[in-house]
Amino acid sequence: MRRNLRRLWSSGAGITWRAAMLLGLLSSTFSTLVSQVTAARIGRDAAVDWMVVATIPLRDGALQADPSWPVILAGILFHQWADFSWALVFFGLLARWTGRLGPWTLVLIAPAWALLTSATEWLVLVPMLPFRQPIFALEQPYWIGFLVHVTSASLYPLFPYLRDAVAGRRPSPHRRFAAGWGGGALLRPARASELRRPPGVR
C-alpha cells in the first residue's frame, strides 16, 4: 500500500497534483496579501470584507459591528481555501487540458478563468448551492471578487516552473520567465502599500 502511494506520488499525475497544491498555496496567499494592502485604495475596509467572507462558512453570526480577529481569520482562511481549490480544479482535475500549457498561454487564459470562477462563486455557489448565503452578494460588489480572482490567477503562469521544480528537472526551461513574473508580482503589494501612505509619511 505504502509502495503504491509512493509510486503514485512520484508519477506524472502525482507531480502535477503536487505542483497544483504548491501553486494553490502561493496564489491564495498572494491574493490575500494584495487584497489586504489595496482595500483602502478602492474605498473598502479590509476587516469588514473579511468578515463578510466569513459569513459564508459561519453564517450570519459572523456579522459584528467591530470585526473580531477570529472572524477576520475565518474569512481569510475561507478565502484562501477557495483560491486553493480553484487552482486544484484548473491544474489537477483539468490537467488533461491544462497540465502542459506554457507560461504565455496561461497568461492569456488566466483572466478568462478568473471571470468564470468569480462569476460562478458570486452567482451560484455562494447565494444558492452549496452555501446559500445571500449576504455576501449583497455586501460585496462582483467586480471586487473578479479582481481578487484575477490577482490569484495572475500566478498561474508560474505552474510550468513549479512542475519542473517538483519533478526535479533542473535547470527548468521556464526559470527565467518565473523569476521575472514572480519578481514583478512581489513588487505589486509593495507598490500598493506605498500608494496608500499619506503624503509626507515615510
Any side-chain heavy-atom pair of [X] and [Y] under 4.5 Å:
X: L88; Y: L93; answer: no
X: R169; Y: S172; answer: no
X: W81; Y: P57; answer: no
X: S154; Y: F30; answer: yes
X: R44; Y: P141; answer: yes
X: I72; Y: M51; answer: no
X: S152; Y: V34; answer: no

| request: Decide yes or no on side chain to side chain donor-acceptor pair (under 3.5 Å) for E121 and T117, but give the supporting numbers first. | output: CA-CA 6 Å; E121 283 185 5; T117 54; over 6 Å; no
Straight-line distance of [X] [atom1] to [Y] [atom2], nearest 0.5 Å:
X: D49; Y: I42; atom1: CG; atom2: CD1; value: 7.5 Å
X: L106; Y: L23; atom1: CG; atom2: CG; value: 9.0 Å
X: W50; Y: D45; atom1: CH2; atom2: CG; value: 12.0 Å
X: H79; Y: T29; atom1: NE2; atom2: OG1; value: 8.5 Å
X: L26; Y: M21; atom1: CG; atom2: CE; value: 12.5 Å
X: T120; Y: H149; atom1: OG1; atom2: NE2; value: 9.0 Å

| field | Nearest heavy-atom neighbours spanning V71 and A62 | value | CG1-O, 3.6 Å
| request: Mind listing the closest non-hydrogen atom pair of S28 and D83 along with its distance? | output: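 In terms of heavy atoms, the two residues are closest at CB-CB, 3.5 Å.
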| task | Start with the C-alpha distance between F146 and T151, add both sets of side-chain angles, then the distance that settles side-chain contact (heavy atoms from CB on, under 4.5 Å), and finish with yes or no. | result | CA-CA 9 Å; F146 172 66; T151 301; over 6 Å; no
Okay, side chain of [X], backbone of [Y]: is any donor-acceptor separation there less than 3.5 Å?
X: S11; Y: G14; value: yes
X: R100; Y: W97; value: no
X: W122; Y: Q140; value: yes
X: T98; Y: F90; value: yes

| Taking only residues two or more places apart in sequence or in another chain, which ones pass side chain to side chain donor-acceptor pair (under 3.5 Å) with T16? |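 Side chain to side chain donor-acceptor pair (under 3.5 Å) check on T16 returns nothing, list empty.
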Would you tabulate the side-chain donor-acceptor contacts of residues 130-137 under 3.5 Å, counting partners in other chains and residues two or more places apart, or write 'none'?
residue	atom	partner	partner atom	Å
Q133	OE1	I135	N	3.2
Q133	NE2	T55	O	3.0
Q133	NE2	D60	OD1	3.1

| message | For Y156, run the ring-ring contact (aromatic ring centres under 6.0 Å, His included) check against W181, Y161, F91, W104 and tell me which one passes. | response | F91
